[in-house]
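This is the structure I want to talk about, given as structure tokens.
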Amino acid sequence: MVVLANPALVEIPLVRPQKHGAFFSAIPVVDLSKPFSAEALVKACEDVGFVKVINHNVPMDVVQRLEAEAVKFFEMPQVFKETSGPADPFGYGNKRIGPNGDVGQVEYLLFGITSKPLSYTSMSFLEEPSSCLFGLSLFDLIRTRRLVAKHCFLLWLFICGPYRSPALSEYLLAVKKLASDVLELIAEGLKIEPRDVLNGLVTDEQSDGLFRLNHYPRCPLLERLDRSWTGFGEHTDPQIISVLRSNNTTGLQISLKNGSWVSVPPDQESFFIVVGDCLQVLTNGRFKSVRHRVLANGSKSRVSMIYFFGPPPAEKIAPLSQLMGEGEQSKYKEFTWGEYKKAAYKSRLGDNRLGQFEK
Ligand SMILES: C=C1C[C@]23C[C@@]1(O)CC[C@H]2[C@@]12CC[C@H](O)[C@@](C)(C(=O)O1)[C@H]2[C@@H]3C(=O)O
Ligand SMILES: O=C(O)CCC(=O)C(=O)O
Ligand SMILES: [Fe+2]
């Protein structure tokens, strides 16, 4: 494996381009407006742990506005972006993922989400979205204004102009509704009652959400070398489900049950549902949390937005009794989401986090 040392002194592995099986033509697609979508969702979660959903009712103008804001943020000078970082765990991060030495060719903004009232929180972000300039607190702004004013008045205008928009809060509300609908359909497909047994976990006032904007920059050098590099290393998401949307740039791959990696054709109009570790446990392993990663080939920048839906920290995560056959035992030790999350933050990105909770 070749490793390139980049200017930020972070070593990111280069990967040979995949010669075979470029795209997985059979990514399950579920039309949420059609009858039998409940059964189709369950089958996709069992077979792949990953599914594309269409007719999702998330307004495309909200998605496009948020993407445009994200692009503008990531286009800003590094010195400006870094006033919102480092991500610890929330805020702006560049190449370093999580607290334990993982790296990737990605920059991102990570937000903690509280349910009621809907707000995105982190140490330096204001709680009230409307008074935020795209996640930058007044404190950040004052600091940044001073910094920028020193350098260039035009840049100051650029920064203070375009970021007053409620796109993020509108997006979070619409995607939360989508996640809730999907989980309710899954409960219907699994024939479990009450129907809100799963979506209740993510709509609860105490539910623990995270939102992430990822930017994988273009890299002409990499394109010329005909190599890919790790944008976001392989991992499973710890939560119940994650709802992912990206622009039309390739890069996302999922691992199938036979261990092979397949590329997911991008589709900027659709959303991808990723089964997380908690849903694997709630179904006693009937659904598998899917390993996924992003390989960047450098030819076009990729922007993705992922909303991770976790339950309340005190919630016990154990297989749902209605899904257990006669005499069937839980495959997992009992734990709360708070305990699992704590363990997750001690792990490396690619670790099998559920391993230590298996019986
Ligand atoms: C290396 C890490 C990054 C991560 C926290 C962790 O210690 C292990 C889980 C990682 C992950 C993967 C899915 C999501 O992107 C994420 C936000 C999450 O909930 O778990 C990240 C964490 C992170 O980037 O902080
Ligand atoms: O950026 C992407 O497309 C996927 C990133 C991801 O899997 C994550 O942030 O957990
Ligand atoms: Fe992920």
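Whatever order the structure lists ligands and atoms in, that order sets their numbers, starting from 1. Along the sequence shown, residues carry numbers from 1.
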Considering all heavy atoms, the nearest Phe287-Val42 contact:
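What the structure gives for the nearest pair is CE1-O, 3.9 Å.
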Examine ligand 2 and decide if any of its atoms is less than 4.0 Å from a heavy atom belonging to Arg293.
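No; Arg293 lies far enough from ligand 2 that no heavy-atom distance drops under 4.0 Å.
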Pair Glu170 + Arg65, salt bridge at N-O below 4.0 Å
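Counted as a salt bridge, because a side-chain N and a carboxylate O are separated by less than 4.0 Å.
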Given Phe272, Phe232, Tyr216, which has its nearest heavy atom closest to atom 1 (O) of ligand 2?
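Answer by nearest heavy atom: Tyr216.
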Decide, yes or no, whether a salt bridge links Glu358 with Lys331 under the criterion of side-chain N to carboxylate O below 4.0 Å.
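No.
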Among protein heavy atoms, which sits nearest to atom 9 (O) of ligand 2, and what does the distance come to when rounded to 0.1 Å?
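Among all protein heavy atoms, the one nearest atom 9 (O) of ligand 2 is Arg212 CD, 3.1 Å.
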Can you find a side-chain donor-acceptor pair between Glu107 and Tyr92 that sits under 3.5 Å?
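Per modelled atom types, Glu107 and Tyr92 side chains form a pair under 3.5 Å.
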Hey, are Arg96 and Asp102 close enough for a salt bridge, meaning a charged N less than 4.0 Å from a carboxylate O?
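Result for this pair is no, no salt bridge flagged.
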Show me a pair-per-line table, with atom names and distances to 0.1 Å, of protein N or O atoms that are under 3.5 Å from an N or O of ligand 1.
unit_1   : atom_1 : unit_2 : atom_2 : d
ligand 1 : 7 (O)  : Ala344 : O      : 3.1
ligand 1 : 7 (O)  : Ser347 : O      : 3.0
ligand 1 : 15 (O) : Arg212 : NH1    : 3.0
ligand 1 : 19 (O) : Gln239 : NE2    : 2.8
ligand 1 : 24 (O) : Arg212 : NH1    : 2.9
ligand 1 : 25 (O) : Tyr345 : OH     : 3.3

Arg212 NZ/CZ over Tyr108 ring centroid, <6.0 Å and within 45° of normal
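Relative to the ring axis of Tyr108, which defines the angle, Arg212 lies inside both limits.
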Scan Tyr307, Phe309, Phe308 and name whichever one has a side-chain contact (heavy atoms from CB on, under 4.5 Å) with Ile113.
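Only one of Tyr307, Phe309, Phe308 forms a side-chain contact (heavy atoms from CB on, under 4.5 Å) with Ile113, namely Tyr307.
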Under 2.8 Å from the Fe ion (ligand 3), how many protein N/O/S atoms do you get? Just the number, please.
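Of the protein's nitrogen, oxygen and sulfur atoms, 3 lie under 2.8 Å from the Fe ion (ligand 3).
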Using only heavy-atom distances, determine whether the side chains of Thr336 and Lys316 contain a donor-acceptor pair under 3.5 Å.
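Result is no, nothing qualifies.
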Taking only Lys NZ, Arg NE, NH1 and NH2, and the carboxylate oxygens of Asp or Glu, determine whether Glu193 and Arg195 approach each other closer than 4.0 Å.
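Result for this pair is yes, salt bridge flagged.
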Centres of the Phe90 and Phe111 rings: under 6.0 Å?
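No; Phe111 has its ring centre 6.0 Å or more from that of Phe90.
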